[in-house]
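We use all heavy atoms of the structure for the numbers below, so side chains are in, but hydrogens, waters and symmetry mates are not. In this text the structure is predicted, and so the values were computed from the model without any measurement.
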Amino acid sequence: LLQDCGADCAKFQKSELEYKFNKKALERPYISKHSWGKTYGEHKRHLEFSHDQYRELKKYAEEIGIFFTASGMDEMAVEFLHELDVPFFKVGSGDTNNFPYLEKTAKKGRPMVISSGMQSMNTMHQVYQIVKPINPNFCFLQCTSAYPLQPEDANLRVISAYQSAFPDIPIGYSGHETGIAISVAAVAMGAKVVERHVTLDKTWKGSDHQASLEPNELAELVKAIRTVEKAMGSPVKQLLPCEMACNEKV
C-alpha cells in the first residue's frame, strides 16, 4: 500500500509497556469509546506489536523496497529498534523535551527525526544543543499536536523560523490535519521530510484515524509533492527554451 502510493518509509510506534508505564497506570480502568480492553494495560497490549511482528514488518518493508522504522516511545523501545537496525529513529513530540531520552538516543549514532509538537522555540534550541555535539545527523519537524489539526493551528511559518534558527539541519513537517493542501504547502516552504498518519479507514475506533490519510489521499499527496519539488526549479530568471515559440510569436 505505502509503496504503491509512492511513500519512502513506513513508521510505526513502539512501546515497551512494562517499562514505559508503572503498574498503577496499566491497571487503571479504561472506559472510552476508543478502548480495546477493560484496563489501560489490556488496551495497550491489544494494540502493541511484538518483537517478532516488528522483525516481520521490517523484512516485508525490505522485500517491497521501502524503509521501515518506528518512534521509540521509551528508552527500552529505542534499545529494541537499535537492535532491529532501523535506518533512523523518530522522536515523537511527547519525548522531545525528555532530555535524558534524547541524549541516550543520540548516542546510538543513527539519524534522528525529531517532532516539535507542544514545544517552544526555547526548548528546540535546547534540543539542538543536546543532540548536535553527539550526533549531527538529525532534523526537526514543525508539528502541532492536535487530532485532527485545524488549519489556523498549523503555523507553517515556524518552518521558516526553524530554517533561520537551525540553518545546518534539514527542516520538515509532521501533519495531523485532514486533506493534503497544508502538507503540500509545507514542501513549497522547503520541508525536506513529510510525515503523515495513514489509515485504511477513518471511521475505525481510535482517535488518530480521523486525523489520518486513506490510501487514495496518500497517493494524491505523494504525487502533489513530487510535482511541487519539480516546480520549485531555479531562482534564476531568464528566457527558457520552452518559451522560445511564444517569444518568437509575440
Can you check whether [Y]'s main-chain N or O pairs, donor with acceptor, with [X]'s side chain at less than 3.5 Å?
X      : Y      : result
Gln163 : Met189 : yes
Ser93  : Gly117 : yes
Glu48  : Lys44  : no
Gln3   : Ile64  : yes
Asn155 : Val158 : no
Ser15  : Leu17  : no
Ser35  : Gly37  : yes

task: Check ring-ring contact (aromatic ring centres under 6.0 Å, His included) between Phe138 and all other residues, then give those that pass, not counting sequence neighbours.
output: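 Residues passing ring-ring contact (aromatic ring centres under 6.0 Å, His included) with Phe138: Tyr128, Phe140.
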field: His34: ring-ring contact (aromatic ring centres under 6.0 Å, His included) partners, not counting sequence neighbours
entry: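 Result, ring-ring contact (aromatic ring centres under 6.0 Å, His included) vs His34: none returned.
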With rounding to the nearest 0.5 angstrom, report the [atom1] to [atom2] distance, [X] to [Y].
X      : Y      : atom1 : atom2 : answer
Thr105 : Asp95  : OG1   : CG    : 8.0 Å
Cys143 : Glu195 : SG    : CD    : 7.5 Å
Ile114 : Leu102 : CD1   : CG    : 5.5 Å
Tyr173 : Ile159 : OH    : CD1   : 7.5 Å
Leu156 : Ile182 : CG    : CD1   : 6.5 Å
Lys59  : Leu84  : NZ    : CG    : 13.0 Å

Within the 4.5 Å heavy-atom criterion, are [X] and [Y] side-chain neighbours or not?
X      : Y      : result
Lys14  : Met76  : no
Ile66  : Asp8   : no
Thr69  : Leu81  : no
Thr178 : His176 : no
Met121 : Gln126 : no
Val193 : Leu141 : yes
Val187 : Val194 : yes
Tyr101 : Asp74  : no

What is the minimum heavy-atom distance between [X] and [Y], and which atoms define it?
X      : Y      : result
Gln53  : Ser50  : OE1-N, 2.7 Å
Ala154 : Thr144 : O-OG1, 4.0 Å
Ala25  : Asn22  : N-OD1, 2.8 Å
Pro100 : Glu75  : C-OE2, 4.1 Å

- request: Please report the C-alpha distance between Glu63 and Lys58 in whole Å, then the side-chain angles of each, then the deciding distance to 0.1 Å, and finally whether the salt bridge (Lys or Arg N to Asp or Glu O under 4.0 Å) criterion is met.
  value: CA-CA 9 Å; Glu63 281 166 17; Lys58 182 163 188 284; over 6 Å; no
message: Tell me if the CD atom of Glu62 is crowded by more than 12 foreign heavy atoms within 6.0 Å.
response: yes
Over 12 non-hydrogen atoms of neighbours within 6.0 angstrom of NZ in Lys205: yes
Any Lys/Arg nitrogen of [X] or [Y] sitting under 4.0 Å from an Asp/Glu carboxylate oxygen of the other?
X      : Y      : answer
Asp168 : Lys132 : yes
Lys38  : Glu27  : no
Glu16  : Lys20  : no
Glu79  : Lys108 : yes

Quick check on the hydrophobic clustering: are [X] and [Y] connected, directly or via other members, by side-chain heavy-atom contacts under 4.5 Å?
X      : Y      : answer
Leu218 : Tyr147 : no
Val91  : Phe68  : yes
Val78  : Tyr54  : yes
Phe99  : Met112 : yes
Phe67  : Val86  : no

Full working for side-chain contact (heavy atoms from CB on, under 4.5 Å) between Met118 and Thr96: CA-CA 9 Å; Met118 304 174 283; Thr96 297; over 6 Å; no
task: Establish, from distance only, whether the side-chain atoms of Ser183 and Glu177 form a donor-acceptor pair under 3.5 Å.
output: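 A donor-acceptor contact under 3.5 Å links the two side chains.
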- prompt: Between the side chains of Arg28 and Thr39, does any donor sit under 3.5 Å from an acceptor?
  reply: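 On atom types as modelled, these side chains do not qualify, holding no pair under 3.5 Å.
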- request: Look at the aromatic rings of His125 and Phe166 and report parallel, tilted or perpendicular, splitting at 30° and 60°.
  value: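 Judged by the thresholds at 30° and 60°, the geometry between His125 and Phe166 is tilted.
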message: In terms of relative ring orientation, are Tyr30 and His43 parallel, tilted or perpendicular, with 30° and 60° separating the classes?
response: tilted
query: Can you list the residues that meet the salt bridge (Lys or Arg N to Asp or Glu O under 4.0 Å) rule with Asp153, with sequence neighbours excluded?
result: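 In terms of salt bridge (Lys or Arg N to Asp or Glu O under 4.0 Å), with neighbours along the sequence ignored, Asp153 is linked to no residue.
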query: Going through the checks in order, is the side-chain contact (heavy atoms from CB on, under 4.5 Å) test met by Cys9 and Phe88?
result: CA-CA 10 Å; Cys9 179; Phe88 65 91; 3.8 Å; yes
task: Before giving the answer on side-chain contact (heavy atoms from CB on, under 4.5 Å), spell out for Ser174 and Gln142 the whole-Å C-alpha distance, their side-chain angles and the decisive distance to 0.1 Å.
output: CA-CA 6 Å; Ser174 176; Gln142 159 55 353; over 6 Å; no
message: Applying side-chain contact (heavy atoms from CB on, under 4.5 Å) to Arg55 and Glu83, what does each step give before you reach the verdict?
response: CA-CA 10 Å; Arg55 289 185 190 101; Glu83 188 192 307; 3.7 Å; yes
Under the side chain to side chain donor-acceptor pair (under 3.5 Å) test, residues paired with Gln210 that sit two or more places apart: none
field: Any pair counted as side-chain hydrogen bond (donor to acceptor under 3.5 Å, both in side chains), so long as it reaches residues 110-120, sequence neighbours left out
entry: His82-Arg110, Asp85-Arg110, Lys90-Ser115, Ser116-Tyr162, Ser120-Thr123
Do any side-chain atoms of residues 227-236 form donor-acceptor pairs under 3.5 angstrom with protein atoms, and if so which ones, sequence neighbours left out?
from	atom 1	to	atom 2	distance (Å)
Thr227	OG1	Lys223	O	2.9
Glu229	OE1	Arg226	NH1	3.3
Ser234	OG	Val236	N	2.9

task: Please determine which of Glu217, Glu214, His209 meets the side-chain hydrogen bond (donor to acceptor under 3.5 Å, both in side chains) test together with Lys202.
output: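 Going through the options one by one, the only one that passes is Glu217.
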